[in-house]
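A short write-up of the structure that comes next.
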Protein chains: 2
Amino acid sequence: MADSLAEQDHANCAPPESRAVAARFAALSHPARIEILKHLSASRSCCCREVVDHLDLAQSTVSQHLKILVEAGLVRFQPDRQRSRYEVDRAALADVSASLTALVNSCCSGR
Amino acid sequence: MADSLAEQDHANCAPPESRAVAARFAALSHPARIEILKHLSASRSCCCREVVDHLDLAQSTVSQHLKILVEAGLVRFQPDRQRSRYEVDRAALADVSASLTALVNSCCSGR
DNA sequence: TCCGTTCATCGTCTATCGCCGATGAACGAT
DNA sequence: ATCGTTCATCGGCGATAGACGATGAACGGA
């Protein structure tokens, strides 16, 4: 099934820190998920259906993408009767951005 | 073969801009490639063999990861006799970082 | 000239992604 | 009580990422 993605072993080919960073980027590595993040942050409502309408993908597919984003910690999820509510975790997203910035900086300082 | 990755169609589920961003993140979505970037930026030499020693992966595997990074535009490649030289494209990396920052900002401004 | 090193590519295998339709649970409204 | 909506999950399918070993080209040194 198209689950996990957050917890890939990748053997022991890299320190856990790099693995964590990579897992975060993996969540961002699909255009549909980028689009979902943009839509989520632009609107207030954030139920699954709305994303489905916006995205031209099957409901089940969107649900899976949302799940991946939630498991990556980039989106918060709150089951609310019929309309589950999804919300961007701005802090987490900023955190990913920070780690990428750190990587860029390490490239510049290490020259 | 484990090639492309940069040019996935993903149907028409998202605007080309999101696709471009996602493709960049896809290159960063593997711990080995993160590790390669770090190593590349920390050292001067940057031949394939060195990365292989550092990484505990088969030479062919490392070569593929390098190719992916090159195709994503994050690493510059210059065939130099025996020792091909690989070098981080700091500008490109900074560019990716900027687009992520932009995404984070759009989340905050759109609230 | 011959050998060792480096490296890109190929062929193969397995695991997983990403997509979908179908299904069933939960809920609101009639 | 019954229908329609929303949504998460399952099962299956096709594509491909990611790993490896083998191979051959290119080069340097003995």
Side-chain angles (χ1 to χ4, degrees), chain A residues 1-14 18-19 22-23 25-36 40 45-72 75 77-86, chain B residues 1-14 18-19 22-23 25-36 40 45-72 75 77-86:
Chain A
M1 294 79 193
D3 262 22
S4 61
L5 187 151
E7 273 314 319
Q8 283 179 283
D9 259 27
H10 281 309
N12 37 12
C13 61
S18 291
R19 272 191 269 166
F25 288 136
L28 295 171
S29 71
H30 195 287
R33 292 197 284 270
I34 298 281
E35 210 56 24
I36 289 178
L40 246 49
S45 39
C46 316
C47 75
C48 177
R49 181 75 213 297
E50 199 190 16
V51 182
V52 171
D53 292 342
H54 179 66
L55 221 49
D56 188 45
L57 282 174
Q59 179 266 325
S60 56
T61 306
V62 171
S63 193
Q64 299 222 58
H65 280 306
L66 284 168
K67 186 179 183 179
I68 288 171
L69 287 170
V70 169
E71 281 174 347
V75 166
F77 165 66
Q78 191 187 357
D80 184 16
R81 316 293 171 180
Q82 269 134 324
R83 327 228 148 178
S84 303
R85 290 192 41 214
Y86 291 93
Chain B
M1 298 75 191
D3 263 20
S4 59
L5 186 149
E7 273 314 319
Q8 284 179 284
D9 260 27
H10 282 307
N12 37 14
C13 62
S18 290
R19 271 190 271 166
F25 286 134
L28 295 171
S29 71
H30 196 286
R33 292 196 285 270
I34 298 280
E35 209 56 26
I36 289 177
L40 246 50
S45 38
C46 315
C47 76
C48 177
R49 180 77 213 295
E50 200 191 15
V51 181
V52 171
D53 293 341
H54 179 66
L55 220 49
D56 187 47
L57 282 175
Q59 179 266 325
S60 56
T61 305
V62 171
S63 194
Q64 298 221 59
H65 280 306
L66 283 168
K67 186 179 183 180
I68 288 172
L69 287 170
V70 169
E71 281 175 347
V75 165
F77 164 66
Q78 191 186 358
D80 185 16
R81 318 291 171 182
Q82 270 133 323
R83 327 229 148 178
S84 302
R85 291 194 37 217
Y86 290 92

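Each chain gets a letter, A, B and so on, in the order its sequence line appears, and its residues count up from 1. Since the structure is predicted, the reported quantities are computational estimates derived from the model, not experimental observations.
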Name the closest nucleotide to the [X] side chain, picking from [options].
{"X": "A:Ser60", "options": "C:dC10, D:dA19, C:dA22", "answer": "C:dA22"}
{"X": "A:Arg49", "options": "D:dA19, C:dC20, D:dT6", "answer": "D:dT6"}
{"X": "B:Leu57", "options": "C:dG21, C:dC7, D:dA19", "answer": "D:dA19"}
{"X": "A:Thr61", "options": "D:dC7, C:dG18, C:dC20", "answer": "C:dC20"}
{"X": "A:Cys48", "options": "C:dG18, C:dA8, D:dA8", "answer": "D:dA8"}

- Assess whether one donor atom and one acceptor atom, taken from the side chain of A:Gln59 and the base of D:dA8, lie less than 3.5 Å apart.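 Indeed, a donor on one side and an acceptor on the other fall under 3.5 Å apart.
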
So A:Phe77 and A:Leu66, side chain to side chain contact (heavy atoms under 4.5 Å, CB included) or not? Walk me through it. CA-CA 9 Å; A:Phe77 165 66; A:Leu66 284 168; over 6 Å; no

- Round to a whole Å and report the spacing from NE2 of B:His30 to C1' of C:dC17.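 In whole Å, C:dC17 C1' and B:His30 NE2 are 14 Å from each other.
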
Checklist entry - Please walk me through it: do A:Phe25 and B:Ile34 pass side chain to side chain contact (heavy atoms under 4.5 Å, CB included)? => result CA-CA 10 Å; A:Phe25 288 136; B:Ile34 298 280; 4.0 Å; yes

At a cut-off of 3.5 Å, list every protein nitrogen or oxygen paired with a nitrogen or oxygen from nucleotides 25-30 of chain C, distance to 0.1 Å.
residue	atom	partner	partner atom	Å
C:dC27	O2	A:Gln82	NE2	2.6

TODO: Report the C-alpha separation of B:Ser63 and B:Lys67 in whole Å, then their side-chain angles, then the decisive distance to 0.1 Å, and conclude whether the side chain to side chain contact (heavy atoms under 4.5 Å, CB included) test is met.
DONE: CA-CA 6 Å; B:Ser63 194; B:Lys67 186 179 183 180; 5.9 Å; no

(message) Please classify the nucleic acid contact of B:Ser84 as base, sugar-phosphate, or nothing, using heavy-atom distances under 4.0 Å.
(response)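 Sugar-phosphate only.
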
**Item:** Interatomic distance, B:Ile68 atom CD1 to B:Ile36 atom CD1 [nearest 0.5 angstrom]
**Value:**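 With rounding to 0.5 Å, CD1 (B:Ile68) is 9.0 Å from CD1 (B:Ile36).
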
### Message
A:Arg83: which residues meet the side chain to side chain contact (heavy atoms under 4.5 Å, CB included) condition with it, sequence neighbours left out?
### Response
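A:Cys47.
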
